[in-house]
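Working notes, beginning with the structure itself.
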Amino acid sequence: MNPLAPYLGWIGVWGGEGEAQTGDPTIVRTEFSLAQGGTALSIHFEACDPGYRILYHGVRAILSQSPTGELRGIAHSTIHRGFLIELTPDDEGVMALTGATRGGNRVFVTFLQEDADNLLFTASWRPNTAAPAGDLPRMSAPLRRLFPMKFDRPPGPPASQ
Amino acid sequence: MRGALLKRFERWIGSWSGPVQLPEGREGVMQLEITPIFEGDALEVGAVMTDQTGQVLIGRGIGFWSLERDGRVCCVMYGGSVGFTELLEAPDDPDALALIGPLGDGRILTVLYSQNDGGMQLTSSTTEGYQGSVSVRNVTQLRRRVATEIPPV
């Protein structure tokens with residue numbers, strides 16, 4: 001099975017208000033889209049202050065099937081710079097990604113599907129040398145799928161003559 | 001650091017294309033796009049190779065360039081023929097960018113972007129280890145692709 005298949009239903013734009021690692025409120029916007037001619041999944045992630053003026057964290061990632069069949073990827077983070085990421089085994093409806101940065105940290109990112117239009121996002125990192133701990137400061141945000149606003153068409157000429 | 005990446009590669013941002021020699025002596029076309037992301041914090045670099053008709057996809061790849069603390073460029077990339085890897089800048093001419101790193105099968109990938117009067121030359125090669133002989137080499141002369149200006153009707 002194509003390892004991208006479980007996530008194709010996530011394609012679209014998602015947004016929500018959550019909490020940054022510092023505890024400050026943050027607005028998160030995430031877009032999943034197809035890339036590389038449909039053979040890869042692109043994830044664009046932005047976490048800003050509530051006034052949309054400060055980008056706390058921006059990430060662009062491309063996930064694709066590796067020659068050995070696993071889902072792997074490349075990522076650029078405005079905090080961690082470029083690094084390789086891989087999907088770690090998890091339950092259905094979960095995308096759990098991890099990667100080691102050149103700065104010596106291990107990054108963990110999880111999207112948990114709650115239903116068709118709701119995801120829960122969490123992310124954290126710790127130094128590669130530190131023992132795993134359950135209480136790492138983390139950024140988290142519930143994300144809802146964004147739909148185009150519906151509005152009445154303004155009056156105008158008929159679409160076709 | 002953010003401004004430094006853009007300042008260094010500003011002239012390279014945009015769309016490039018040029019002929020590429022394919023195996024068995026056939027000619028193909030490479031298209032290269034260099035796009036800043038996050039206000040120039042990184043550059044997204046995508047390449048697509050097709051046959052001359054543009055209808056047969058030969059290969060494609062994508063990568064992100066960013067600056068290390070020491071000012072060198074780091075590139076994380078994926079290519080259909082080489083898989084995932086991390087390349088680091090090797091010293092070269094100021095008008096060039098040489099990226100080198102290991103592939104999953106033990107080979108070493110070297111990619112050299114060098115600006116010249118006619119545009120940009122892109123050379124990629126793989127070797128069997130850092131001291132090994134070159135096993136595959138592709139040289140492409142790219143020219144900036146510009147949009148046709150259509151006069152107002």
Side-chain angles (χ1 to χ4, degrees), chain A residues 2-4 28-31 33-48 52-87 97-105 107 128, chain B residues 1-6 31 33-50 54-89 99 101-107 109:
Chain A
N2 182 343
L4 287 175
V28 171
R29 178 184 170 278
T30 300
E31 182 165 354
S33 57
L34 285 177
Q36 297 286 287
T39 61
L41 187 66
S42 168
I43 306 174
H44 181 93
F45 172 90
E46 296 174 358
C48 306
Y52 289 97
R53 294 186 62 84
I54 303 166
L55 180 67
Y56 290 151
H57 195 181
V59 179
R60 180 78 66 91
I62 305 286
L63 301 178
S64 185
Q65 188 171 14
S66 73
T68 49
E70 299 94 5
L71 196 61
R72 297 190 70 198
I74 58 173
H76 174 78
S77 146
T78 56
I79 294 175
H80 302 287
R81 324 304 298 157
F83 60 104
L84 300 177
I85 50 176
E86 57 191 49
L87 187 76
L97 301 165
T98 185
T101 71
R102 292 182 56 79
N105 290 307
V107 176
N128 258 332
Chain B
M1 291 305 249
R2 190 162 297 185
L5 183 76
L6 263 191
Q31 295 181 52
E33 298 271 348
I34 301 180
T35 313
I37 58 173
F38 298 121
E39 304 296 327
D41 190 56
L43 294 173
E44 184 173 304
V45 181
V48 178
M49 262 195 306
T50 63
Q55 293 180 317
V56 179
L57 180 69
I58 309 294
R60 67 191 321 153
I62 190 164
F64 299 122
W65 296 355
S66 59
L67 286 185
E68 293 283 286
R69 287 205 179 102
D70 62 8
R72 284 187 298 171
V73 173
C74 173
C75 167
V76 288
M77 64 155 288
Y78 170 73
S81 59
V82 296
F84 296 90
T85 188
E86 204 172 86
L87 309 177
L88 203 56
E89 182 176 8
L99 296 166
L103 298 179
D105 59 5
R107 290 180 300 157
L109 174 66

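When reading the values below, keep in mind they use all heavy atoms of this one structure, side chains included, and skip hydrogens, waters and symmetry mates. To find a chain, count down the sequence lines: A is the first, B the second, and so on, and within it residues start at 1.
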Test item: [X] side-chain N/O and [Y] main-chain N/O as donor-acceptor pair under 3.5 Å:
| X | Y | answer |
| --- | --- | --- |
| A/Ser42 | A/Leu34 | no |
| A/Asn105 | A/Val107 | no |
| B/Ser66 | A/Arg81 | no |

With a 4.5 angstrom heavy-atom cut-off, which part of [X] approaches chain B: side chain, backbone, both or neither?
| X | result |
| --- | --- |
| A/Gln65 | backbone |
| A/Leu55 | side chain |
| A/Ala40 | neither |
| A/Arg102 | side chain |
| A/Ser77 | backbone |

Flag the one option from A/Ala75, A/Ser66, A/Pro67 with the top tally of heavy-atom pairs under 4.5 Å to chain B. A/Ala75
Chain B: which of A/Gly58, A/Ala35, A/Gly103 shares the most heavy-atom pairs with it under 4.5 Å? A/Gly58
So, B/Phe38 versus A/His57, ring centres under 6.0 angstrom or not? no
Decide whether A/Glu31 and A/Ser33 meet the rule of one side-chain donor and one side-chain acceptor closer than 3.5 Å. no
With only heavy atoms counted, which part of B/Leu88 is less than 4.5 Å from chain A, the side chain, the backbone, both or neither? side chain
